[in-house]
4 protein chains.
Amino acid sequence: MIAGDRRANSGQVGPVFNVTAGPAGATAATLAAVGQPVLYPYDPDFLHRYANTAELARQAFGTTETPVILQGEAVLGLEAAAASLIRRDDVVLNLVSGIYGKGYGWWARRYAAEVIEVEVPYDSAVPAESVRAALAARPDVTVVAVVHCETPSGTMNDLDAIGPVVADHDALLIVDAVSSFGAAACDFTAWGADLVVVGPQKCLGGPAGLALLHVSDAAWEHMAGNPDAPRASFLSILDWQDAHRVERPFPFTPSVSDVYALHACLEQYLAEGPAAVLARHQSAARAARAGAEALGLELWAADKSICSDAVTALRLPAGVDEREVIARARAESGVMLSGGQGDLAGKVLQIGHMGPSAYALSPVVALTGLGRALRTLGAKADVGAAIEAALTALDDDDPVPSS
Amino acid sequence: MIAGDRRANSGQVGPVFNVTAGPAGATAATLAAVGQPVLYPYDPDFLHRYANTAELARQAFGTTETPVILQGEAVLGLEAAAASLIRRDDVVLNLVSGIYGKGYGWWARRYAAEVIEVEVPYDSAVPAESVRAALAARPDVTVVAVVHCETPSGTMNDLDAIGPVVADHDALLIVDAVSSFGAAACDFTAWGADLVVVGPQKCLGGPAGLALLHVSDAAWEHMAGNPDAPRASFLSILDWQDAHRVERPFPFTPSVSDVYALHACLEQYLAEGPAAVLARHQSAARAARAGAEALGLELWAADKSICSDAVTALRLPAGVDEREVIARARAESGVMLSGGQGDLAGKVLQIGHMGPSAYALSPVVALTGLGRALRTLGAKADVGAAIEAALTALDDDDPVPSS
Amino acid sequence: MIAGDRRANSGQVGPVFNVTAGPAGATAATLAAVGQPVLYPYDPDFLHRYANTAELARQAFGTTETPVILQGEAVLGLEAAAASLIRRDDVVLNLVSGIYGKGYGWWARRYAAEVIEVEVPYDSAVPAESVRAALAARPDVTVVAVVHCETPSGTMNDLDAIGPVVADHDALLIVDAVSSFGAAACDFTAWGADLVVVGPQKCLGGPAGLALLHVSDAAWEHMAGNPDAPRASFLSILDWQDAHRVERPFPFTPSVSDVYALHACLEQYLAEGPAAVLARHQSAARAARAGAEALGLELWAADKSICSDAVTALRLPAGVDEREVIARARAESGVMLSGGQGDLAGKVLQIGHMGPSAYALSPVVALTGLGRALRTLGAKADVGAAIEAALTALDDDDPVPSS
Amino acid sequence: MIAGDRRANSGQVGPVFNVTAGPAGATAATLAAVGQPVLYPYDPDFLHRYANTAELARQAFGTTETPVILQGEAVLGLEAAAASLIRRDDVVLNLVSGIYGKGYGWWARRYAAEVIEVEVPYDSAVPAESVRAALAARPDVTVVAVVHCETPSGTMNDLDAIGPVVADHDALLIVDAVSSFGAAACDFTAWGADLVVVGPQKCLGGPAGLALLHVSDAAWEHMAGNPDAPRASFLSILDWQDAHRVERPFPFTPSVSDVYALHACLEQYLAEGPAAVLARHQSAARAARAGAEALGLELWAADKSICSDAVTALRLPAGVDEREVIARARAESGVMLSGGQGDLAGKVLQIGHMGPSAYALSPVVALTGLGRALRTLGAKADVGAAIEAALTALDDDDPVPSS
């Protein structure tokens, strides 16, 4: 969660604690990997490294299909999914519980015959029952799109419930699991998910420049049958279908250094074990939520049961400008928090506890920086109580080591 | 030019000399930069780093406009240029002297009203006179697209001559300078170039995951007036127009580690000085060409005057399989050469001397690995003569230190 | 202050916060430097790097003499100082206020005609008046040895007062400034110090494998006149007198990677500025002391005025085993504290705030890990109060940014 | 073998090929290790890393005893061996075939009752028969000291023959295997060697700041019985006897970063396998020797059978100044060669092929840089013939891949 040393630019010196909504930083082992010499992509060692990276991703995903590595950050994966999977005769049901869900509707409209939406307030989740009702009302829906974790608002949609509903309807399911994978149980197969986009820079602590895609056989078939699916394009998924096979050419030059980072972070994920990774995200999240409430702040989520374990979104006291808080925490304490985007700008502040920042002391650092900044700006904030609450939450965590 | 240590994958151990057509590797200083901790993109230090990177690119380009950094490798830049600049009412003249030029026609056809081409054999360059004639025949041409260096065939089109012809016609000029920038004099302003794509992973020794774009005011205007220009898309250039301003948001998460690498390699480029960088590319290229001929191989280019100083393309003796030569050189000597792509596969072999491999001993290493492999495969190859010829070529290089 | 990621060895994963008495870790910039390719020591670039490192050390020391870089950690410097400077006819006055002072007496006795000592309890400092009295009693004293900061007990001897007393007596002055340089004002010239040993791995955040020595002209003369001074030995200082001159050979191979690290950390020290470095050590130290007291612990030092700003030493509650506390804090929270050595083992616990750990949040992290461990072990510890006290202490720090 | 990028200091830019007599550089994997965060030495992860490093060294040595890691470069090991093992009642037979052997006599005389020597010209080896004769003449010899590989002159003493002679005499055997381990078969047990010093910075491609010592039970016993053996000293071996046990304290702070490097290079050595490492040193050495002779130079060694496979020492043509050749090769070609030391200065030039420079293309690079420099200085040098001869020598190497 340490992200470098502050320099002359900001007029200060010292470590920066990256406790944002991501990119979440990287472990020292991952940074060492990313700095390895740049091989030619057809160097036999790179071809095997690439193939092995895809295989590690498959193991991490727990799927039988080999995932696709796209050569751009998560939004490339999301846009490519819309462009490739959604055919001009598809009717898309888009589930909206935040700004990423809202945005997906815009992409879907570029390609679909029609897009209908179920929208809930951005502090809420889309109930599976609403999905069932919407599908019942529109039997012609062929594709459903949903965001697992709405990063800016720190809320989850319940894919374990929604997935089967979509499967019953026989629609294809697109899932934005960019920031949830690693912090939440993700069973793509049980969900019946067809195209899932994961962002390595979030809970895996990997590179910002790549996207990981689970693509089901049905999705491959649907894309192959889509005459408008991008090909010979940066937006193409089909171009990369076999790129992990050492005997096949890459459509274009892969991002060599980022592939090293992805390989390294997947190795670490598998070595630690998915259950352990999950547990430390849960533990850190519990501490962050408890601490934030003790600090006197309100969780953004209307209901604690939908809170993400990757990121905690908070409402600030009236009259306190989120951007000033963030700037203060960074300047005073070297603590980098993140804030709202789009419609949520100025309304919400996030503490990230993902990947390299999903550890015991991470919420302590975040809460201290946050509380101190609030006080500097004239708001009340009981930092001591916040730390105590965070520690209590950590110590609740018996079976799994909390750190 | 050293690109890591061979590992178990290839059954061997030892340094790898990356003397390919790119990515060309990176200096130790650049690798140190790419391995620095991953900051949050809105961290003040990153914002300033990003702004400074764009400013260094501007200085390197010698332009008044601040270049755009796109978050994917060079082909993203090329595709985005076509998608953004070429309007549905544009008539495009596409100049074809190799497979990248040929490919650009496909992209142009997606967006243009019509695409006409001047095509020459792939071992040749497009004469400026042919461009003038084509434009005279079609006064309705509004955009001209040209590849400066055709990397696979190691040939150059003369932009100093073509640029003014296009300017006289008042057409917009798209230039693929992906592998030429740094190895050839590039005066975007004098050319009257409107959209130039540079690949940092070639002669700058930078990251594979970014593209650098020079965009003229006229190009910005043309894109702004293009109702089909991508927006809210990974293919968008317009989205990134102001991203280098610290107060503006990024359209999506930039590739943090790659930006570090780009910043580092631009700093080194400017510290060394464009003239010195050019000189060592010229010197290494001269040595590679002289050595290859002494080895008994033929330059791919029909005329030595159009040879690139970034990459030397060679024809192999009849009956020698390029892929076997490359595999042998890598396995025997740790020398990684590159080969044909598309229509050129199996016909051409490249020695790269770009960025971190544009130094005195680089052609010596490449020629030794190549000659040794040729002999192993039963071809004749006088390696000793090749090295002597390369050294003589290096030593011709009086005023500028050859190494 | 982050020192890597915990691994399988300790059965855990996560960041480690190195808040020990040193080595104190290193910034990302220093780690990048230490990982640069290993040059041959007579490579012209290394020769200049070495010379420049010595020059940066001179600037950091604010001396006219160029310091000596010895190729082993601080104790090599201390032992070499005794072996080189103390002649068989010297009478040494050794000042003892802790275990390092005590140990120096053992070394001094190897070489001196006689060693006399002024010893005070290890939670105290040696008064300048005691030095004056001792010297008055023994006019034949020719060398005085003193430890500036007793790292294990976190206490300072007042060199500003002791230095002139020694100078009045015309004795040579050996100073162990291993852990004080950077955290305390050190004016070697004003002190009249003749041989000062600085440990780069403490407040400079540099390598553990080197020692930095200030040597006065008088000290060089005394060593040159010492027939027993080591020569052709790892313990020799004389051998390295001119090693920083590019035209002179090294006595043996210098530790290339460590020299890179030293160069980097000195550059950062000078760029930040000695006053700013001092200020952040003072600020972090104030926070650590206030927090520790609020946690219910007692400072080891009998008097707060002699507390070091590099390291805070604490007494633990009766019945609490220091080693268990340290192990717990590391296991639960990833917080690495340090403990007693020699006679102080089991009695004292240290929080380091030196170099890369001398920042605002560092004491917060240390206090949280410590308090949490104390509670786990059944002791009382009000972590919330400790954090509040630390923050108050930080915020007292008006003129200088506390972070 | 690449050792960084040339910088402003030398007025040039470009890769440096470190083909010297060592430090020989490090692989990218080792450099990544050395740049890992600096742990506190009593951090449980570091304790285990240290213990594991000693265990890997034991496996590399093929011994039952765990080696000692001393915290300074090889000469510390050599001096400490003399200081610790040689008692004031020992009679030492010192074998001299070069400047390191000569120097060892000086150290031995500091500690021994008497030192006798067998000395041969520095282009020769000490015959086992001479050792037998010397021991027969002086039955009171209790310790024999010998240099396995005389680095500056690139010559070997035959330990397989000398070892048993010393064992027959029941004397203790000190071996300087600093630059031979890895390039020559070293069976410490079969030799009956009692104290062997290995330099990690030579054929292991490890750190310059550590020494590795094999110590036999007999040597431990002899040291324990030596009242003058250093203790509480940087020169002590006894202090470090148990330092690899995780429950034991370090005598002083180990060089943390260097230990990481040692761990990494030992892992790589064992993964590659001792036989494979040996084979590539032999192959590169054969190429260097053949190439140098074809270049018109004379091997320094009087007899090719005593040439080291780690370093090739050469005589230069009359009238050619070795230092100028070295400077030229570095400036023109980025090739760093090494030269004489002490009595050999100005007389001998070395090509290193050790560790990271013991690969196929390394002699090619070295010979090209050397030959080019000779020609620049007006000497004759047939570089083409040298490269051809080197390749022929490499290709002789059938069973083992030469690269």
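Every chain is numbered from 1 and lettered A, B, ... according to where its sequence line falls, protein lines coming before strand lines. Just so you know, these numbers come straight off a predicted model, no measurement behind them.
Between the CG atom in C/Leu76 and the CG atom in D/Leu76 there is a gap of 8.0 Å [rounded to 0.5 Å]. Between the OH atom in D/Tyr42 and the OG atom in C/Ser338 there is a gap of 10.5 Å [rounded to 0.5 Å]. Remark: C/Phe17 CZ to D/Asp43 CG distance equals 12.5 Å, nearest 0.5 Å. With rounding to the nearest 0.5 angstrom, the CG atom of C/Leu235 is 6.0 Å from the CD atom of D/Glu79. To the nearest 0.5 Å, atoms CZ (D/Phe252) and CG (C/Leu78) are separated by 11.5 Å.
Residues from residues 102-109 of chain C that place a non-hydrogen atom less than 4.5 Å from a non-hydrogen atom of chain D comprise C/Trp107, given in numerical order.
A heavy-atom distance below 4.5 Å is not found between the side chains of D/Gln71 and C/Val75. By the 4.5 Å heavy-atom criterion applied to side chains, C/Pro207 and D/Ser257 are not counted as neighbours. Between C/Asn18 and D/Leu39 the shortest side-chain heavy-atom distance does not fall below 4.5 Å.
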Derivation and outcome, side-chain hydrogen bond (donor to acceptor under 3.5 Å, both in side chains), residues C/Ser255 and D/Glu73: CA-CA 7 Å; C/Ser255 294; D/Glu73 75 106 37; over 6 Å; no

Verdict with reasoning, D/Val34 to C/Leu31, per side chain to side chain contact (heavy atoms under 4.5 Å, CB included): CA-CA 8 Å; D/Val34 80; C/Leu31 293 175; over 6 Å; no

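Minimum heavy-atom separation, D/Ala208 to C/Val256: CB-N, 4.0 Å.
Contacts with chain D were tallied for C/Ala80, C/Ser233, C/Gly22; C/Ser233 has the most, counting heavy-atom pairs under 4.5 Å. Heavy-atom pairs under 4.5 Å with chain D were tallied for C/Gly209, C/Ala232, C/Gly339; the largest tally goes to C/Ala232.
Residue C/Leu70: no heavy atom, backbone or side chain, is found under 4.5 Å from chain D.
Residues passing the side-chain hydrogen bond (donor to acceptor under 3.5 Å, both in side chains) test with D/Asp258: none are found, sequence neighbours excluded.
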